[in-house]
Amino acid sequence: MSHEVTSSADSPFRSEPSERDQAPQFVLPLVVRIEKAAPPARTDALETAARAVLVMLSDERSLGDGEWAEAVRDWQDARIRKVVRRARGAEWRRAEALPGITVTGKNAEVRVFPPVPLDGWPKDLARLQVSGTDLGDPEPPAAADPALPVLWLNPGLDMSAGKAMAQAGHAAQLAWWELPDEERAAWRDSGFALAVRAADPARWDELTSSGLPLVRDAGFTEIAPGSCTVVADHPALR
């Protein structure tokens with residue numbers, strides 16, 4: 001799934017036309033491993049995708065003069081896009097052979113790659129399917145630990161797992177950008193511990209007006225433009 005994220009009017013994610021639209025457009029590829037016999041649970045996949053985005057943003061290769069730093073800067077200078085594709089078997093092994101980072105959850109595996117031009121995907125990633133990322137939770141996830149960052153999903157939206165994975169990644173990125181260096185370091189040292197949960201419908205309006213980082217979807221797929229999809233509730237931002 002391909003998505004953009006927007007936030008407040010002064011955010012680099014703002015939805016209004018800007019210089020970002022004139023810059024070359026890049027995308028952050030994420031590939032989730034979905035084997036027929038043992039697909040990951042939906043919540044596990046969402047949490048692992050969010051952590052994968054944070055791992056990419058904080059990796060030394062993405063910073064300063066690192067080998068991925070220019071691509072990451074180009075990606076962040078334009079519209080922020082993420083695409084989630086699925087792989088299994090030999091497809092997954094080919095994806096693992098490309099430069100990137102594999103992040104694991106309880107059972108989920110997500111590989112994140114340095115940003116690529118919107119029309120310049122590596123062949124072994126371009127051939128992977130975007131559809132077919134529908135996943136479920138065998139059991140309802142436990143209540144989120146209030147001491148952890150929680151990415152709250154809009155309970156009124158029906159999103160595929162691939163769509164929700166990208167949205168969770170957007171929210172994690174917004175939280176990362178707003179944290180001071182000390183809090184970033186603490187989150188990184190925890191292995192980017194976080195939870196992704198559907199918000200209580202009675203609390204959603206409160207969350208969206210709380211001042212916490214909020215993702216608004218550009219509306220390219222599945223949902224209407226401007227839909228509020230995720231609120232990033234990091235304890236340090238409350």
Side-chain angles (χ1 to χ4, degrees), residues 1 3 5 7 11 13 28 30-33 40-59 62 72 76 80 82 84 100-113 133 135-155 157 159-200 203-204 206-208 210-217 228-238:
M1 298 293 169
H3 319 285
V5 58
S7 188
S11 166
F13 283 136
L28 186 76
L30 297 109
V31 175
V32 56
R33 184 177 186 181
R42 178 186 175 96
T43 296
D44 189 16
L46 268 59
E47 293 174 346
T48 305
R51 289 173 48 233
V53 171
L54 295 166
V55 168
M56 173 57 69
L57 291 172
S58 63
D59 191 278
S62 299
V72 170
Q76 294 186 120
I80 301 299
K82 299 177 181 72
V84 178
I101 307 168
T102 297
V103 177
T104 59
K106 295 174 183 176
N107 293 297
E109 293 180 75
V110 175
R111 189 162 179 83
V112 59
F113 303 86
T133 57
L135 300 169
D137 282 311
E139 299 179 0
D145 183 341
L148 287 181
V150 183
L151 308 178
W152 294 109
L153 300 172
N154 185 336
L157 293 178
M159 295 186 284
S160 68
K163 176 84 170 179
M165 288 169 69
Q167 298 296 310
H170 294 336
Q173 186 169 3
L174 282 174
W176 177 256
W177 280 359
E178 293 202 19
L179 288 173
D181 289 343
E182 183 178 349
E183 294 295 341
R184 285 185 178 186
W187 202 8
R188 184 172 58 244
D189 291 345
S190 76
F192 293 115
L194 56 80
V196 178
R197 296 289 187 274
D200 184 328
R203 250 197 98 207
W204 181 245
E206 175 189 341
L207 284 167
T208 58
S210 65
L212 291 167
L214 169 66
V215 180
R216 291 183 185 273
D217 190 61
C228 300
T229 58
V230 194
V231 172
D233 183 10
H234 192 291
L237 299 177
R238 292 171 190 162

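Side-chain atoms are counted along with the backbone in the values below, which use heavy atoms only and exclude waters and symmetry mates. Note that the structure is predicted; figures quoted are calculated from it, not measured.
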Legend entry - Partners meeting side chain to side chain contact (heavy atoms under 4.5 Å, CB included) with Ala168 (sequence neighbours left out): Ala50, Leu151, Val196
Legend entry - Contacts of type side chain to side chain contact (heavy atoms under 4.5 Å, CB included), residue Ala199, not counting sequence neighbours: Trp152, Pro155, Trp204, Leu207
Distance in Å, [X] [atom1] paired with [Y] [atom2], rounded so as to fall on 0.5 Å steps:
X      : Y      : atom1 : atom2 : answer
Glu183 : Leu237 : CD    : CG    : 8.0 Å
Gln167 : Leu157 : CD    : CG    : 9.0 Å
His234 : Arg184 : NE2   : CZ    : 11.0 Å
Leu214 : His170 : CG    : NE2   : 12.5 Å
Leu28  : Met56  : CG    : CE    : 6.0 Å
Ile101 : Ser58  : CD1   : OG    : 7.5 Å

State, with a plain yes or no, whether a side-chain heavy atom of [X] is found less than 4.5 Å away from one of [Y].
X      : Y      : result
Met165 : Leu30  : no
Gln173 : Lys82  : yes
Leu174 : Val230 : no
Arg197 : Pro141 : yes
Asp44  : Thr48  : yes

Inset, instruction - For Arg111, check side chain to side chain donor-acceptor pair (under 3.5 Å) against everything at least two apart and list the hits. - result: Thr102
Identify all side-chain donor-acceptor contacts of residues 142-150 below 3.5 Å with residues at least two apart in sequence or on another chain.
from: Asp145; atom 1: OD1; to: Ala147; atom 2: N; distance (Å): 2.9

Inset, instruction - Please list, chain by chain and in numerical order, all residues satisfying ring-ring contact (aromatic ring centres under 6.0 Å, His included) with Phe192, sequence neighbours excluded. - result: Trp176, Trp187
Inset, instruction - Determine which pairs satisfy salt bridge (Lys or Arg N to Asp or Glu O under 4.0 Å) with at least one residue from residues 229-238, sequence neighbours left out, and list them in order. - result: Asp233-Arg238
Inset, instruction - Quick one: do Val112 and Val53 satisfy side-chain contact (heavy atoms from CB on, under 4.5 Å)? Show the steps, please. - result: CA-CA 7 Å; Val112 59; Val53 171; 5.6 Å; no
Donor-acceptor under 3.5 Å ([X] side chain, [Y] main chain):
X      : Y      : answer
Ser62  : Leu57  : no
Asn154 : Cys228 : yes
Arg188 : Asp59  : no

Inset, instruction - Look at atom CG of Asp137 and say whether more than 12 heavy atoms of other residues, nucleotides or ligands are closer to it than 6.0 Å. - result: yes
Inset, instruction - Work out which heavy atom in Ala164 is nearest to a heavy atom in Leu46; give both atom names and the distance. - result: CB-CD2, 3.7 Å
Legend entry - Where Ala52 and Val110 come nearest, the two heavy atoms and their spacing: CB-CG1, 4.1 Å
